[in-house]
Amino acid sequence: MAYNFRWILLLFAFVFVLSCKNDDDEQVANDPTAENKKGLGTSAEDILTSNPYTRLTVEMAYSTTFEPTETAKTNFKNFIEERVHKPGGVTFVERVINDQPGAPFSIEEIIQIEDNIRTEYTEGNNLAVFVFFSNGRSSNDTETTVTLGTAYRNTSMVIYEATLKFLTDSNEELLPILESTVLNHEFGHILGLTNILDDDIHQVHEDPNAQKHCIVEECLMYFDATNVGRSDLQRMMQRAMVPELDPLCIGDLQAKGGR
Ligand SMILES: [Zn+2]
Ligand SMILES: [Zn+2]
């Protein structure tokens with residue numbers, strides 16, 4: 001692969017960031033969107049099971065320049081459908097928005113953007129999840145590490161699409177693999193992986209070296225925080241495939257009513 005060398009140079013520029021916030025203060029009385037402003041992982045069971053929500057809507061917002069690939073959208077949809085019980089179906093709502101000003105974005109700014117542009121909220125028997133494909137980088141990025149995506153509320157996540165395109169040089173083989181991996185990984189955090197709520201009691205497999213990530217190296221939820229040289233990016237590059245959930249993480253989801 002001709003692009004190997006360039007990727008090796010970028011190996012150190014890769015980290016998944018997990019923001020686990022409890023936004024109880026935000027839950028103002030009578031806020032119709034309060035159900036979507038809870039802490040990360042708290043809606044895992046509601047997403048996985050059919051009671052009380054029989055339907056799931058995934059809203060994806062992006063500007064024309066930062067639309068994810070069709071392959072990644074399909075992979076993401078398949079990943080969700082494989083794990084959840086939603087007899088009423090999983091619906092993807094795609095919305096084209098303007099590029100958002102003020103990049104790079106802090107997570108507080110991402111939350112502001114969400115509050116401005118999100119249109120789908122949990123209501124009746126339909127649970128809504130929001131994904132913003134960011135036109136700017138994370139303000140946490142440094143010369144040696146970048147944030148690819150963050151799951152930051154019970155039904156909210158951001159994909160730093162600008163960063164993914166930069167890292168892959170928009171390579172049409174690699175970009176969808178990286179997009180799919182980050183989408184599925186961040187959604188895994190929304191589903192409570194790994195041990196987000198410290199309720200991983202049936203079979204503990206949180207990596208002591210990488211908080212809230214899985215100890216199994218082949219797993220989608222693995223993140224090597226101790227040895228960046230053997231990062232997820234390198235694994236992806238070697239295999240040119242999207243990592244899947246290992247049986248332990250699938251067991252966690254099944255314990256919460258998932259498939
Ligand atoms: Zn992560
Ligand atoms: Zn796992």
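Quick caveat: nothing in here was measured; it's all calculated off a predicted structure.
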- Message: When you group the ILVMFWY residues by side-chain heavy-atom contacts below 4.5 Å and let the links chain together, are Val93 and Leu56 in the same group?
- Response: no

- Query: Taking all atoms of both residues into account, what is the closest heavy-atom pair of Pro243 and Thr181, and its distance?
  - Reply: CD-OG1, 3.5 Å

- Item | Heavy-atom pair of closest approach, residues Pro176 and Ala72 | O-CB, 4.1 Å

- Heavy atoms of other groups near Glu123 CD, more than 12 under 6.0 Å: no

- Note on the structure: side chain to side chain contact (heavy atoms under 4.5 Å, CB included) with Met221: of Val216, Leu248, Leu193, only one passes, and it is Leu193

- Query: Any salt bridge between Glu114 and Arg153, counting N to O under 4.0 Å?
  - Reply: yes

- Query: Between the side chains of Asn125 and Thr54, does any donor sit under 3.5 Å from an acceptor?
  - Reply: yes

- Message: With a 4.5 Å cut-off on side-chain heavy-atom distances among I, L, V, M, F, W and Y, is there a chain of contacts connecting Met157 to Tyr121?
- Response: no

- What's the spacing between Asn36 CG and Lys38 NZ if we round to 0.5 Å? 9.0 Å

- With sequence neighbours excluded, give me every ring pair (Phe, Tyr, Trp, His ring centres under 6.0 Å) pair touching residues 39-81. Phe76-Phe92, Phe76-Phe187

- Query: Would Asp31 and Thr33 count as having a side-chain donor-acceptor pair, cut-off 3.5 Å?
  - Reply: yes

- Message: Let me check something: do Leu253 and Val90 share a hydrophobic cluster, defined by ILVMFWY side-chain heavy atoms less than 4.5 Å apart, either directly or through other members?
- Response: yes

- Item | Option passing side-chain hydrogen bond (donor to acceptor under 3.5 Å, both in side chains) with Thr57 (candidates Thr155, Asn126, Thr122, Thr91) | Asn126

- Item | The single option from Leu148, Asp141, Ile110 passing side chain to side chain contact (heavy atoms under 4.5 Å, CB included) against Tyr160 | Ile110

- Message: For a quick test of reading the model, state the closest non-hydrogen atom pair linking Ile97 to Ala61 and the distance between them.
- Response: CD1-CB, 4.2 Å

- Item | Nearest heavy-atom neighbours spanning Ala151 and Ile190 | CB-CG1, 4.0 Å

- So do Asp46 and Pro52 actually touch side chain to side chain, heavy atoms under 4.5 Å? yes

- Query: Are the side chains of Lys77 and Thr74 in touch, meaning some heavy atoms are under 4.5 Å apart?
  - Reply: no

- Task: Would you check if the side chain of Asp169 reaches a backbone N or O of Asn171 as a donor-acceptor pair within less than 3.5 Å?
- Result: no

- Message: Working to the nearest 0.5 angstrom, can you tell me the gap between Gln100 CD and Ile113 CD1?
- Response: 5.0 Å

- State, with a plain yes or no, whether a side-chain heavy atom of Asn51 is found less than 4.5 Å away from one of Glu45. no

- Query: Between atom CD1 of Ile80 and atom CG of Asn184, what is the distance when rounded to the nearest 0.5 Å?
  - Reply: 7.5 Å

- Message: Check Lys256 with Asp199, please: is the shortest side-chain N to carboxylate O separation under 4.0 Å?
- Response: yes

- Roughly how far, to the nearest 0.5 Å, is CD1 of Ile177 from OG1 of Thr71? 9.5 Å

- Message: Closer than 4.0 angstrom, basic N to acidic O: yes or no for Glu59 and Arg95?
- Response: yes

- Query: For the residue pair Phe130 and Phe132, does the interplanar ring angle fall in the parallel (under 30°), tilted (30 to 60°) or perpendicular (over 60°) class?
  - Reply: parallel

- Shared ILVMFWY cluster between Ile47 and Met60, side chains joined below 4.5 angstrom? yes

- Message: As an exercise, state the distance from NZ of Lys37 to OG of Ser156, rounded to the nearest 0.5 Å.
- Response: 9.5 Å

- Would you name the heavy atoms of Gly136 and Ala103 that are closest together and state the gap between them? CA-CB, 3.6 Å

- Message: Under 4.5 Å between side-chain heavy atoms, counting indirect links through other Ile/Leu/Val/Met/Phe/Trp/Tyr residues: same cluster for Val131 and Val84 or not?
- Response: yes

- Does Ser170 reach the side chain of Lys165, with side-chain heavy atoms less than 4.5 Å apart? yes

- Message: Here's a test for you: under side-chain hydrogen bond (donor to acceptor under 3.5 Å, both in side chains), which of Glu206, His213, His205, Gln211 qualifies with Asn195?
- Response: Glu206

- Query: Should we count CD of Gln254 as having more than 12 external heavy atoms under 6.0 Å?
  - Reply: yes

- Presence of salt bridge, Glu67 and Lys73, under 4.0 angstrom: yes

- Query: Looking just at side-chain N and O atoms, do Thr69 and Glu179 make a donor-acceptor pair shorter than 3.5 Å?
  - Reply: yes

- Full working for side-chain contact (heavy atoms from CB on, under 4.5 Å) between Thr163 and Thr147: CA-CA 8 Å; Thr163 305; Thr147 304; over 6 Å; no

- Query: Hey, mind stepping through Tyr152 and Ile111 against side-chain contact (heavy atoms from CB on, under 4.5 Å) and telling me if it holds?
  - Reply: CA-CA 8 Å; Tyr152 55 92; Ile111 289 171; 3.6 Å; yes

- Show your working on side-chain contact (heavy atoms from CB on, under 4.5 Å) between Thr194 and Cys249 and close with a plain yes or no. CA-CA 7 Å; Thr194 301; Cys249 280; 3.7 Å; yes

- Note on the structure: In short, Arg137 meets Val146 closest at the heavy-atom pair NH1-CG1, 3.4 Å

- Go through the steps to decide whether Arg83 and Leu245 satisfy the test side-chain contact (heavy atoms from CB on, under 4.5 Å), and finish with yes or no. CA-CA 10 Å; Arg83 304 268 69 101; Leu245 290 172; 3.8 Å; yes

- Atom CG of Leu127 and atom OG of Ser50: how far apart are they, to the nearest 0.5 Å? 12.5 Å

